[in-house]
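Comments concern the structure below.
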Amino acid sequence: MSLTLYNTLTRREEPFVPLEPGRVRMYCCGVTVYDYCHVGHARSYTIWDVVRRYLMWRGYQVRYVQNFTDIDDKILNRARETGSTMQAVADRFTETYFEDMERLNVLKADEYPRATHTLNGIQRLIRELETRGFAYPANGDVYYRVRKFDGYGKLSNRKLEEMEAGRSGRVEAADADAPKKEDPFDFALWKAAKPEEPFWESPWGNGRPGWHIECSAMVRDCLGETIDIHCGGADLVFPHHENEIAQSEAATGKPLANFWLHNGMVTVSGEKMSKSLGNFTTIRDLLDGKWSVYPQVVDPMALRLFILQAHYRKPLDFTPEAIASAENGWNTLKEGLLFGKKFGEKLGWNDAETETISAYQERFQQAMDGDINTPGGLAVVFELAKALQREGNVLVHQGKADTDAATLQQQWHTLVELAEVLGLEVRSQEEPQTAVGGLTDAEIEALIDRRKAARQAKNFAESDRLRDELKTSGITLIDKPGGITEWHR
RNA sequence: GGGGGCAUAGCCAAGUGGUAAGGCAGGAGACUGCAAAUCUCCGAUUCCCCGGUUCAAAUCCGGGUGCCCCCUCCA
């Protein structure tokens with residue numbers, strides 16, 4: 001069995017073979033740090049996190065690099081609007097990126113290059129392109145000579161003539177740089193500084209790098225001339241990744257990446273979630289219960305589950321119903337994942353190494369090997385979680401489980417292992433134990449005692465009133481056989 | 001105009017030639033004073049439409065229809 005991945009470059013699923021046996025070099029296009037991340041970003045970084053985790057689980061040593069674009073017009077605009085500086089804005093939203101990803105349990109990259117720290121590599125690359133005739137200066141700017149690169153269009157599968165011919169029905173925005181370009185398709189490698197903008201010195205004058213060049217330079221600096229996997233959102237295929245290929249391959253004469261992976265867009269009512277459409281929900285607003293159509297706190301793992309329940313290349317529609325569904329699904333998984341903590345000791349589990357159940361492992365792997373089929377992998381995880389949830393309840397109600405302790409331990413071990421490959425973990429620090437209703441445990445117990453008395457006296461009106469009273473304080477009661485009542489917040 | 005992708009139960013979603021995974025929601029029963037929780041059971045004669053290939057197709061081929069993404073910053 002081997003892992004196959006859909007490669008945008010060849011438009012086929014291909015067996016994944018790394019350049020160097022056992023090692024994977026992976027680069028992911030990161031965010032431009034000018035605002036909070038939204039659910040679309042969450043999807044992208046979650047899915048690449050899963051690809052990375054899966055490769056590691058498959059035994060590869062993965063080196064994962066993801067950049068921050070911290071030089072950009074949008075950051076500058078934000079700085080102007082808020083009376084701040086590009087650096088300060090970039091630092092702030094780099095920080096919030098980390099906070100959001102931490103909540104989503106996205107593993108930290110091995111390296112986070114930033115445009116502002118890569119100026120040497122960028123300038124070196126531009127100089128090489130200039131020497132080779134792929135770049136030309138024009139009034140302080142430097143442009144890439146697109147028509148000189150034969151392979152231009154190979155990733156996005158388009159021909160310059162055809163793009164020229166149609167140009168879609170959109171209004172063509174005037175390109176202010178057009179007079180400086182030899183050809184309308186040329187793009188900027190270096191932009192001359194405008195008054196009052198931050199700049200860096202260069203052989204072409206003071207200025208700053210264009211967007212595409214930073215990734216070419218960072219990949220080379222951090223991972224080498226050819227890497228195994230380059231990934232990002234499907235909206236980056238053209239022009240961003242196409243231009244990266246043009247820059248890197250013109251300079252080195254080698255392929256930039258063997259596999260190009262792209263994730264599908266998150267949509268809202270069928271339309272792409274994006275800043276420009278204004279239909280986005282930030283990760284923190286969603287998790288903190290500030291999404292207007294779903295004003296409840298959302299478990300980060302439910303968001304993760306929502307993302308993984310769709311195949312990564314398909315569009316994913318973001319709706320309150322889907323989030324509610326994912327929350328319920330996560331509760332089931334969580335029950336399964338907590339099984340060991342709740343019942344392990346009672347079942348007399350030993351500390352010895354427990355084996356993963358191969359039947360489940362193989363089914364999981366088979367699904368994931370098929371272009372990271374997370375919905376298929378989740379089916380296996382859910383089967384285990386449901387089985388354990390059931391056993392847990394049988395155990396609580398009948399005092400003993402239907403399955404022997406050793407098998408349960410293996411099932412639990414398998415569940416935890418496979419769920420972790422998907423990054424689905426119960427993280428204890430996320431359980432806020434603040435008493436919403438302000439009742440202390442003793443007060444709650446006292447109310448329960450009063451209700452018990454009422455029930456024994458068959459005064460059900462009073463007992464139901466007490467139950468409702470507790471309910472409004474956020475306390476749920478569970479009546480069990482033998483007159484025992486348990487409660488939880 | 002060009003390029004890419006998608007259409008499977010109420011909703012989400014796997015499945016690429018061998019007779020439809022899984023999740024959510026829903027229904028019935030058990031339990032309960034009633035609830036909640038839990039347990040058991042139940043759902044597509046059918047995979048957008050029309051043709052074709054085949055012993056056999058959701059899966060392959062041809063033709064339609066509808067939707068999304070990209071060609072402008074974008075994950």
- Aromatic A:Y143 / basic A:K180 pairing, under 6.0 angstrom, 45° off normal: no
- Task: Mark yes when over 12 heavy atoms from residues, nucleotides or ligands other than A:R465 sit less than 6.0 Å from its CZ; otherwise mark no.
- Result: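 Enclosed.
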- Does a sphere of radius 6.0 Å around CG in A:D150 hold more than 12 heavy atoms from other residues, nucleotides or ligands, not counting ones at 6.0 Å or beyond?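 No, because the 6.0 Å sphere around CG of A:D150 holds 12 heavy atoms or fewer from other groups.
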State which of [options] makes the closest approach to the side chain of [X].
{"X": "A:S276", "options": "B:G23, B:G33, B:C73", "answer": "B:C73"}
{"X": "A:S325", "options": "B:C24, B:C73, B:G4", "answer": "B:C24"}
{"X": "A:N157", "options": "B:G4, B:C24, B:G33", "answer": "B:G4"}
{"X": "A:K386", "options": "B:A14, B:A75, B:G23", "answer": "B:G23"}
{"X": "A:R451", "options": "B:G33, B:C68, B:C71", "answer": "B:G33"}
{"X": "A:E383", "options": "B:G22, B:C73, B:C69", "answer": "B:G22"}
{"X": "A:T32", "options": "B:G2, B:C24, B:A75", "answer": "B:A75"}
{"X": "A:H41", "options": "B:C70, B:A13, B:A75", "answer": "B:A75"}

- Task: Classify the nucleic acid contact of A:R43 as base, sugar-phosphate or nothing, counting any heavy atom under 4.0 Å across all strands shown.
- Result: nothing
- Identify whether any heavy atom of A:L477 sits under 4.0 Å from a base atom; if not, whether one sits that close to sugar-phosphate; answer base, sugar-phosphate or nothing.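 It contacts base atoms.
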- Item | Side-chain donor/acceptor of A:R467 to base of B:A35, under 3.5 Å | yes
- Check: A:D464 side chain, B:G33 base, donor-acceptor under 3.5 Å: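 Donor-acceptor pair under 3.5 Å: yes.
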Nearest-Å distance once atom [atom1] is located in both [N] and [M]:
{"N": "B:A58", "M": "B:A20", "atom1": "P", "result": "10 Å"}
{"N": "B:A44", "M": "B:U40", "atom1": "C1'", "result": "23 Å"}
{"N": "B:U54", "M": "B:G62", "atom1": "C1'", "result": "16 Å"}
{"N": "B:C55", "M": "B:G17", "atom1": "C1'", "result": "12 Å"}
{"N": "B:A57", "M": "B:U46", "atom1": "C1'", "result": "12 Å"}

- Item | Whole angstrom value for the distance that separates P of B:C6 from OH of A:Y312 | 12 Å
- Query: To the nearest Å, how far apart are A:D317 CG and B:C11 C1'?
  - Reply: 11 Å
Taking OP1 and OP2 of [N], is either one under 4.0 Å from a side-chain nitrogen or oxygen of [X]?
{"X": "A:K314", "N": "B:A7", "answer": "yes"}
{"X": "A:N373", "N": "B:G15", "answer": "yes"}
{"X": "A:R455", "N": "B:U32", "answer": "no"}

- Message: I want to confirm an ordering. Mapping A:A310 and A:G233 to their closest nucleotides on RNA chain B, which one lands closer to the 5' end?
- Response: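 Whichever sits nearer the 5' end wins; that is A:A310.
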Once you apply the 3.5 Å cut-off to both distances, tell me the Watson-Crick or G-U wobble partner of [N], or none.
{"N": "B:G66", "result": "B:C6"}
{"N": "B:A57", "result": "none"}
{"N": "B:U19", "result": "none"}
{"N": "B:U32", "result": "none"}

- Message: Is any side-chain heavy atom of A:F364 closer than 4.5 Å to one of A:Y54?
- Response: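 Yes, close enough: below the 4.5 Å cut-off.
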- Under 3.5 Å, side chain of A:Y34 to main-chain N/O of A:R78, donor-acceptor pair present?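 Answer holds: no.
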